[in-house]
Amino acid sequence: MPEGHTLHRLAAQVNAVFSGSPWRVSSPQGRFAAGALRLDAEVPRHAEAWGKHLFVHLDTRIWHVHLGLYGAFSFRGDSSFAAPPSIGAPRAWTAELRPRYDDDGWLIPEPPQGAVRARVQARHGWADLRGPATCAVLEPGEHALILARLGPDPLRQAPDTSATAERERFLENLARRRMSIAAALMEQAVIAGVGNIYRAESLFLESIAPETPSNELSASRAAALWDRLSQQLRTGVREGLIRTLRTEGDRRHWVYQHQGTACLRCGELIAARELQGRRLYWCPGCQLR
DNA sequence: CATCGATGTTTAA
DNA sequence: TAAACCTCGATGC
């Protein structure tokens with residue numbers, strides 16, 4: 001699940017269950033032992049997402065997490081710990097917890113299962129982080145450096161404000177590149193938070209051929225693409241999954257992972273090919289140059 | 001038990 | 001362009 005919507009959801013969840021109170025941080029796996037010690041000594045104040053990055057601001061330090069392709073947080077706790085089982089890559093379902101408490105009144109967590117890079121505990125529950133691409137305590141200045149390399153994030157813009165500076169930045173970023181629009185949308189410096197599913201689904205719904213050179217897309221179509229992605233990401237945050245297709249059944253996408261089947265709009269067979277190491281999906285009938 | 005693939009990114013060649 | 005990295009669930013023998 002880790003496209004931008006997942007990280008914004010995760011930030012909200014971390015704020016809901018951790019921000020403002022002391023926590024206990026450990027690294028059962030051991031690979032984040034030194035970092036965990038530094039985080040354990042401070043209070044988490046505020047979590048925020050920028051594109052696919054999560055930052056948790058503590059008193060003086062910042063915890064940086066990037067889930068990569070298959071990282072995930074799993075949450076467990078007693079009835080007052082309101083959290084979904086997992087945010088990130090799909091994880092196995094676990095049985096209901098029988099809460100027991102220590103002498104300080106803190107919930108006693110279960111022994112960690114598998115490779116838990118970081119465990120953060122609150123009084124009534126905890127979260128386990130597995131498989132992140134990045135899990136680090138930032139040095140001064142690193143936060144700003146990471147943000148400087150990110151393009152505009154549609155989820156950090158007020159919705160329904162039509163001509164915004166953020167959207168203008170996106171149009172400028174596209175106009176400056178000769179690569180295909182399909183390649184450009186995956187560049188986090190062009191637009192932050194878009195991944196393989198949103199790329200495929202936004203280009204399909206805007207009827208844009210993926211190989212169209214980024215700088216040949218008209219300003220009006222580029223603006224419509226931003227608005228489309230903005231709306232899709234917002235739906236993703238609201239629903240907790242990527243649904244770009246409204247149907248009665250379980251199908252959630254128009255083209256993503258539907259190669260070889262008939263396009264629901266025009267009947268042409270949906271195509272797929274490898275582009276820079278990722279699968280690209282599109283409808284050759286709807287997405288003409 | 002082995003292999004593969006996944007909503008990602010960086011580094012090396 | 002390819003490989004490396006982070007982890008685990010699904011699939012295949």
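Atoms considered below: every heavy atom in the structure, side chains included; atoms not considered: hydrogens, waters and symmetry mates. Just so it is clear: chains get the letters A, B, ... in the order the sequence lines come, proteins before strands, and each one is counted from 1.
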Worksheet item: Nearest to the side chain of A:R130, which nucleotide is it out of C:dC8, B:dT7, B:dT9?
Response: C:dC8
Tabulate protein N/O versus nucleotide N/O from nucleotides 2-6 of chain B, keeping only pairs under 3.5 Å, one per line.
unit_1, atom_1, unit_2, atom_2, d
B:dA6, O3', A:Y256, OH, 3.4

Worksheet item: Can you find a side-chain donor-acceptor pair between A:T60 and A:E42 that sits under 3.5 Å?
Response: yes
Worksheet item: For DNA chain B, what are the stems built from at least three Watson-Crick or G-U pairs in a row, each pair having both distances below 3.5 Å?
Response: B:1-6 with C:7-12, B:8-12 with C:1-5
Worksheet item: Got a sec, which residues hit salt bridge (Lys or Arg N to Asp or Glu O under 4.0 Å) with A:E274, two or more places apart in sequence or on another chain?
Response: none
Discussion item. Tell me which residues in residues 132-152 of chain A lie within less than 4.0 Å of DNA chain C, going by non-hydrogen atoms.
Written reply: A:P132, A:A133
Practice prompt. Looking at every strand, decide which applies to A:Q188 at a 4.0 Å heavy-atom threshold: base, sugar-phosphate, or nothing.
Written response: sugar-phosphate
Worksheet item: What is the nucleic acid contact for A:E201, judged by heavy atoms within less than 4.0 Å: base, sugar-phosphate only, or nothing?
Response: nothing
Worksheet item: Of the nucleotides B:dG8, C:dT7, B:dT7, which has the atom closest to the A:I197 side chain?
Response: B:dT7
Worksheet item: Between B:dT7, B:dG8, C:dC8, which nucleotide has the shortest distance from any of its atoms to the side chain of A:R91?
Response: C:dC8
Practice prompt. Quick one: label A:G71 by what it contacts on the DNA or RNA (base, sugar-phosphate, nothing), any heavy atom closer than 4.0 Å.
Written response: nothing
Discussion item. Please enumerate all residues that pass ring-ring contact (aromatic ring centres under 6.0 Å, His included) together with A:H143, with sequence neighbours excluded.
Written reply: A:F55, A:H57
Please output the side-chain donor-acceptor pairs of residues 177-189 of chain A that fall under 3.5 Å, not counting sequence neighbours, one pair per line with the distance.
unit_1, atom_1, unit_2, atom_2, d
A:R177, NE, A:N173, O, 3.1
A:S180, OG, A:A183, N, 3.1
A:Q188, OE1, A:G193, N, 2.8
A:Q188, NE2, A:M186, O, 3.4
A:Q188, NE2, A:V194, O, 3.1

